[in-house]
Structure formats: structure tokens, C-alpha cells
Amino acid sequence: MKDAFGAPQSLLVLGGTSKIGLATARRLIACRTRTVWLAGRPSPALESAAAELRGRGAYVRTVDFDALDTESHETTLGKIFTEGDIDMVLLAFGIPGDQERDEEEPLSAVRVAQTNYTGAVSAGLVCAGALQAQGHGSLVVLSSVAGERARRADFIYGSSKAGLDAFAQGLGDALHGTGVHVMVVRPGLVRPAGTARSDAAAGTDTRAGTDTRAGTAAEAPLATIPFTRAPLVTTPEAVAAAIVTGLRRRSETVWVPGALRAVMSALRHVPRPLFRRLPV
């Protein structure tokens, strides 16, 4: 159960090496979260993340989880909930893909869609059912502003996030009044703290978390577009802070940075012929 200050006592991160997921876990541990589950494919990075969180005073366990293996989700995730109530689930896995390659290789595009949407729908429904059965909890879904409107530069990734965003909103409506809170988080371009803006130009994939395998994280909102300048660029730590604030307020949608709400609202209404000519 959440404590008197509304902080979750237990956390499950789907995408256990996600930079945003781990930044959120650190912040919540500082707010008295005591149990953390990191779900992802077995890897040294997953074990290193678990060890770091243990060093902060949390009881941390890892679990083998693959977003693409949807047939295993009910069993794998169900076992976690049998160990005790989970106050918060953070759905943080995904892959950015490679737009040019994905257009040429349809199976690569399908993998993006299956990971970011199909895998998330499966895991989201399993966790939502478990949260509803225990009568409380929050499901936080990492979406992206890329899903707000399809862009030529990343419409395959963007469409997968658009589907996820719509699913999460509908799930939130379906669970309204059950004691389960669903919050959709839409980050802008996520860069690690201290990363220079020239990284994207230098070829660094600033959209990805640690790697792009299913079951790990990929913070992949907006690729290099002109309006992602300083006020609209964010960091995993800033997203984590917004998540914690949103939980306290029981927000349904969180934009990070907040200015993106107005930017994307304007872009959403730009006529399509004009939108095609914009350098986005």
C-alpha cells in the first residue's frame, strides 16, 4: 500500500534497464519505496541496475521478461503479484527502430510494432488485471510525443506509440472507479543529464535507453527536429520527477517538459499540406 504521503511502497519496472525507469526508481526509493522489481531480459546491465538500487536501501529482485513473448506474460507477471501487492507498475520498455531500414525491411517494422504496442498491450492488461484484483495501485505508461502526429521521419515508431497512448487512455477509462490509477507520460526528446545537444548530429541514438532488445527500455520520443531545443528537451531525471509529481496529483496525462502540451496542440492542427513542408 502507499504510505501516508502517497508514495508507493513497491514498484515493478517493465523494462528494467530503462534510464527513465531507473531514475524513477531512485527517486521513489528516496521517498520510502522499499521493494523494487526490475523486469527485463537477463543481462549484466540488469544485474548492475539491481545492485545499484540495493545500494540505495531497497529490496530489489530481477525477473526474466521479454516483451515479444506475450504467451509468457500472464505467468511471469502473475508470479510477481503473488509475492505481494504492487503499488506501482511502470511500463517503460520499447524500441525506437530505424525508420529507413524498417521501411525497406517490413519484418523490422513489425518488430517495432509488436514490441511497442502488442507487447505493451499484453503486459498492460495483465498488470491492470492484477492491480484491479488487489484493489489499488497505479499503472504508469511511458508514451511519447511522437505518437501525437505521424511524421515522415519516424512514422513507424510514432504509430506504435500512438496506438499505445490510445490503449492506455482507454484502459484508464475502463479502470476508473476501481481504485486503479492509469497515468500516461509523454516525454519530449530525452537526453541523459549532461549530454551535449550535438550528440544526435554525431550519430548517438539519444532516443534509446540502454539497448533496443525487447524487454529492455527505449526512451524514444522525438528524433532530431528543429523545435526540440533546450526548453523542450528533457532528461530521465526530469521525467522521473514529473512521474512522482503526477502520481501525487493522480494525474491522467503528464507532458515532459510541460511546454510540449502547447507545442503539440499547435502542430496537431496544422493543415496536412503545410505539415509536410515543415522540417519535422
Side-chain angles (χ1 to χ4, degrees), residues 10-30 33-70 72-73 76-77 79-80 83 86 88-98 108 111-112 114-116 119-120 122-123 127 140-144 157 160-161 164 185 187 189-196 199-200 202-221 223 234-241 243:
S10 53
L11 167 68
L12 166 60
V13 180
L14 302 179
T17 55
S18 160
K19 287 183 172 62
I20 291 176
L22 293 175
T24 302
R26 293 184 198 104
R27 186 168 288 267
L28 288 173
I29 290 170
T33 294
R34 289 294 169 256
T35 302
V36 178
W37 291 81
L38 298 180
R41 285 185 174 181
S43 68
L46 186 65
E47 294 306 321
S48 176
E52 191 239 321
L53 297 181
R54 290 187 187 109
R56 294 173 180 266
Y59 173 68
V60 184
R61 294 179 65 178
T62 61
V63 60
D64 188 353
F65 171 78
D66 187 337
L68 291 176
D69 187 11
T70 55
S72 71
H73 288 180
T76 298
L77 299 177
K79 287 181 179 178
I80 296 173
E83 297 280 341
I86 300 294
M88 173 182 163
V89 177
L90 176 57
L91 200 160
F93 63 81
I95 56 175
D98 181 306
S108 294
R111 183 169 178 267
V112 173
Q114 289 179 332
T115 303
N116 296 354
S122 172
C127 289
V140 179
V141 178
L142 282 187
S143 179
S144 168
Y157 168 78
S160 71
K161 285 297 186 177
L164 173 61
V185 182
L189 177 64
V190 179
R191 300 189 193 278
T195 301
D199 280 355
T204 300
D205 185 2
T206 57
R207 298 179 302 166
T210 51
D211 66 47
T212 56
R213 298 177 302 162
T216 63
E219 285 81 51
T234 190
T235 65
E237 292 72 22
V239 178
I243 287 173

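All of these numbers come straight from a predicted model, not from anything done at the bench. Computed from heavy atoms alone, side chains included, the values below leave out hydrogens, waters and symmetry copies.
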Can you name the nearest heavy-atom pair linking [X] to [Y], along with the distance?
{"X": "H73", "Y": "S122", "result": "ND1-OG, 2.8 Å"}
{"X": "G15", "Y": "F93", "result": "CA-CB, 3.9 Å"}
{"X": "T70", "Y": "A67", "result": "CG2-O, 3.7 Å"}
{"X": "V112", "Y": "I95", "result": "CA-CD1, 3.8 Å"}
{"X": "T62", "Y": "A50", "result": "CG2-CB, 3.7 Å"}
{"X": "L53", "Y": "V60", "result": "CB-CG2, 3.7 Å"}

Could I get the full list of side chain to side chain contact (heavy atoms under 4.5 Å, CB included) partners for [X], not counting sequence neighbours?
{"X": "S108", "answer": "R101, D102, E105"}
{"X": "D69", "answer": "D66, E71, S72"}
{"X": "R27", "answer": "A240, A241, V244"}

Working to the nearest 0.5 Å, report the span between [atom1] of [X] and [atom2] of [Y].
{"X": "L164", "Y": "N116", "atom1": "CG", "atom2": "CG", "value": "7.5 Å"}
{"X": "S10", "Y": "R34", "atom1": "OG", "atom2": "CZ", "value": "12.0 Å"}
{"X": "R61", "Y": "T35", "atom1": "CZ", "atom2": "OG1", "value": "9.5 Å"}
{"X": "W37", "Y": "Y59", "atom1": "CH2", "atom2": "OH", "value": "6.5 Å"}
{"X": "L11", "Y": "I86", "atom1": "CG", "atom2": "CD1", "value": "8.0 Å"}

State, yes or no, whether a side-chain contact exists between [X] and [Y] at a heavy-atom distance under 4.5 Å.
{"X": "C127", "Y": "L14", "answer": "yes"}
{"X": "L68", "Y": "R111", "answer": "yes"}
{"X": "I20", "Y": "V190", "answer": "yes"}
{"X": "V140", "Y": "L91", "answer": "no"}

request  = Quick one: do V63 and L38 satisfy side-chain contact (heavy atoms from CB on, under 4.5 Å)? Show the steps, please.
outcome  = CA-CA 6 Å; V63 60; L38 298 180; over 6 Å; no
query = Testing L22, L28, I29 for side chain to side chain contact (heavy atoms under 4.5 Å, CB included) with R26, which one passes?
reply =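 Going through L22, L28, I29 one by one, the side chain to side chain contact (heavy atoms under 4.5 Å, CB included) with R26 is satisfied by L22 alone.
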K19 (side chain) donor-acceptor with E237 (main chain) under 3.5 angstrom =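 Answer holds: no.
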What pairs with [X] under salt bridge (Lys or Arg N to Asp or Glu O under 4.0 Å), at least two apart in sequence or on another chain?
{"X": "R54", "answer": "none"}
{"X": "E47", "answer": "none"}
{"X": "R56", "answer": "E52"}

request  = Determine, stepwise, if the pair V185 / I243 fulfils side-chain contact (heavy atoms from CB on, under 4.5 Å).
outcome  = CA-CA 7 Å; V185 182; I243 287 173; 3.9 Å; yes
